[in-house]
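Report on the structure given below.
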Amino acid sequence: MLDSLQLKKICWAWLASFWSAGAVAAQATFGSDLSTIPPAAVAVAVGLALIGGAAATLRKIASPTITIKSVPLEVTSDLLLSLLAGLVTYFLCAWQEVPILLQAGLIPLAGFGGARVLEAYLAAGLAKLSRFGGPPSPPPEGTP
């Protein structure tokens, strides 16, 4: 049986063998798309997401019904979740060309929702992916 040191070496060798091909493919695919994103807009989205996350965290800390075991861990977790939810919301809004004022409202709301928003995005994304590979769905009843 392989020991952990050998297993680590095998994993690093496998990663190294495919890393360069993946990096080249990602650069060719995402390079032009990512360069068109304005850094100032991302910075504003980060700020709005963190405001929403801070509001949710403070609400949770102030609630007498919620027991928090570690405040620093809870704050870090909530802010990272809100940051991720806010950025995903920003990119989805930019992709769908949502008006800027609506984006400014949706991003802090996503930051406030944090994990719940990310779970909804994950469910929607997985549902969309399953439609690509699955069999066609049957037509609704009553349609000819």
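Positions are given from 1, in the same order as the sequence printed here.
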Nearest heavy atoms of Gly114 and Ala85, plus distance in Å: O-CB, 3.8 Å
Check: Glu74 side chain, Thr57 main-chain N or O, donor-acceptor pair, under 3.5 Å: no
Shared-cluster residues of Ile51, by chain and number - hydrophobic side chains joined below 4.5 Å: none
Euclidean distance, Ile61 CD1 relative to Asp78 CG, rounded to 0.5 Å: 8.0 Å
Close side-chain approach of Pro99 and Leu101, heavy atoms under 4.5 Å: no
In one Ile/Leu/Val/Met/Phe/Trp/Tyr side-chain cluster, 4.5 Å: Leu118, Leu92: yes
Approximate separation, where rounding is to 0.5 Å, of Phe91 CZ and Gln96 CD: 14.5 Å
Inter-residue atom distance Ile100.CD1 - Cys93.SG, 0.5 Å rounding: 9.0 Å
Nearest heavy-atom neighbours spanning Gly105 and Leu109: O-CG, 3.3 Å
Note, Leu50 side chain near Val46 side chain (heavy atom, < 4.5 Å): yes
Shortest non-hydrogen separation from Leu79 to Gly53 and the atoms involved: CD2-C, 3.8 Å
Check against side chain to side chain contact (heavy atoms under 4.5 Å, CB included), Leu73 and Ile68: CA-CA 9 Å; Leu73 183 62; Ile68 297 175; over 6 Å; no
Chi angles and distances behind the side chain to side chain contact (heavy atoms under 4.5 Å, CB included) call for Thr89, Tyr121: CA-CA 9 Å; Thr89 301; Tyr121 287 161; 2.7 Å; yes
Lys128: side-chain contact (heavy atoms from CB on, under 4.5 Å) partners, not counting sequence neighbours: Arg131, Phe132
All salt bridge (charged side-chain N to carboxylate O under 4.0 Å, His left out) counterparts of Glu119, not counting sequence neighbours: none
Steps toward side chain to side chain contact (heavy atoms under 4.5 Å, CB included) verdict (Leu106, Leu102): CA-CA 6 Å; Leu106 291 174; Leu102 184 56; 3.9 Å; yes
From Ser82 atom OG to Leu87 atom CG, the distance as rounded to the nearest 0.5 Å: 9.5 Å
Val42 side chain reached by Pro38 side chain, heavy atoms, under 4.5 Å: no
Path from Val117 to Val98 over hydrophobic side-chain contacts below 4.5 Å: no
Main-chain N/O of Ala127 paired to Ser130 side chain as donor or acceptor, under 3.5 Å: yes
CD/Glu97: more than 12 non-hydrogen atoms of other groups inside 6.0 Å: no
